[in-house]
Amino acid sequence: MHYLLTASGLRNETLRDALRDMLGKPFGSANVVYVPTASMAEPGDHGWVVADMNRLHGLGWRQFDILELNGLPRQMVLDRLLHADVIHVEGGSHYHLARSITGNGLAEGFLEALESRVYVGVSAGSMIFSRNLTEHSADVIGDAADLHVLGATTVEPPFGLFDWYLKPHLYSPDFPERDDAWADRIVARADFPIYFIDDETAVRVRDGELDVVSEGRWRFHP
């Protein structure tokens with residue numbers, strides 16, 4: 001299993017090189033599937049989604065597919081995932097994304113697809129693998145309102161692969177409140193490990209081995 005868990009996608013050459021290395025062949029010889037599901041729960045201007053999609057498309061794939069996880073037959077979704085070499089899952093609401101995977105019965109098949117594919121997460125798409133993605137972590141992180149706006153009070157982690165939690169957009173100008181003081185307040189409440197990463201950073205997991213790939217800044221609190 002190969003995961004490149006970013007805050008804002010393939011923003012720099014270091015992250016793009018990391019994906020090339022994990023993929024093991026040129027982008028032009030590979031299929032990618034782009035999953036925008038998490039963004040569907042976010043209100044307002046979606047120019048950031050268009051920018052992320054264009055950045056990914058511009059890498060010159062053999063085939064560029066777009067797949068929404070809701071509203072299609074389960075087997076159709078899984079077949080489209082299996083047809084890809086890279087599964088790229090966009091940001092937005094990680095709670096909506098997690099609930100879409102579990103609610104549509106996709107978790108097991110999705111995980112099986114990832115056994116032989118590269119996964120690239122963007123923000124919410126990077127947050128769904130923690131076993132600590134629960135209503136407790138929502139209270140700790142301070143984003144329970146994002147869960148409640150979906151009409152939910154609980155969330156089930158769809159995969160539960162990692163004991164650590166990932167929080168993106170540290171120091172981001174798009175999230176000016178996410179500074180060191182913000183991270184320190186979360187760490188003071190947390191009873192689970194947390195990676196805070198900026199928009200130029202990714203947590204990379206290859207066959208169970210973890211490292212951080214970055215042209216920016218990040219923090220880890222065990």
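- Looking at residues two or more places apart in sequence or on another chain, you find a ring-ring contact (aromatic ring centres under 6.0 Å, His included) between His57 and Phe64.
- Not counting sequence neighbours, the partners of His136 by the side-chain contact (heavy atoms from CB on, under 4.5 Å) test are Thr134, Val140, Asp191, Phe192.
- Every residue meeting the side chain to side chain donor-acceptor pair (under 3.5 Å) condition with Arg20, not counting sequence neighbours, appears here in chain and number order: Glu13, Asp17.
- Residues forming a side-chain contact (heavy atoms from CB on, under 4.5 Å) with Met22 (at least two apart in sequence, or on another chain): His2, Leu4, Val118, Arg204, Arg206.
- With sequence neighbours left out, Glu68 forms a side-chain contact (heavy atoms from CB on, under 4.5 Å) with Pro36, Thr37, Met40, Asn70.
- Residues meeting the side chain to side chain donor-acceptor pair (under 3.5 Å) test with Thr102, sequence neighbours left out: none.
- For Val187, the side-chain contact (heavy atoms from CB on, under 4.5 Å) criterion is met by Phe196, His221, not counting sequence neighbours.
- The pair Asp184-Arg219 counts as a salt bridge, with a side-chain nitrogen and a carboxylate oxygen less than 4.0 angstrom apart.
- Cluster partners of Phe175: none. The rule joins Ile, Leu, Val, Met, Phe, Trp and Tyr whenever side-chain heavy atoms lie under 4.5 Å apart, and it links nothing here.
- Under the ring-ring contact (aromatic ring centres under 6.0 Å, His included) criterion, Tyr171 pairs with no residue, sequence neighbours left out.
- Within the structure, salt bridge (Lys or Arg N to Asp or Glu O under 4.0 Å) contacts touching residues 70-94 (residues at least two apart or in different chains) are Lys25-Asp85, Arg62-Asp85, Asp65-Arg80.
- The stretch residues 149-159 participates, sequence neighbours left out, in no salt bridge (Lys or Arg N to Asp or Glu O under 4.0 Å) pair at all.
- Considering only residues two or more places apart in sequence or on other chains, Trp61 meets the ring-ring contact (aromatic ring centres under 6.0 Å, His included) condition with Phe27.
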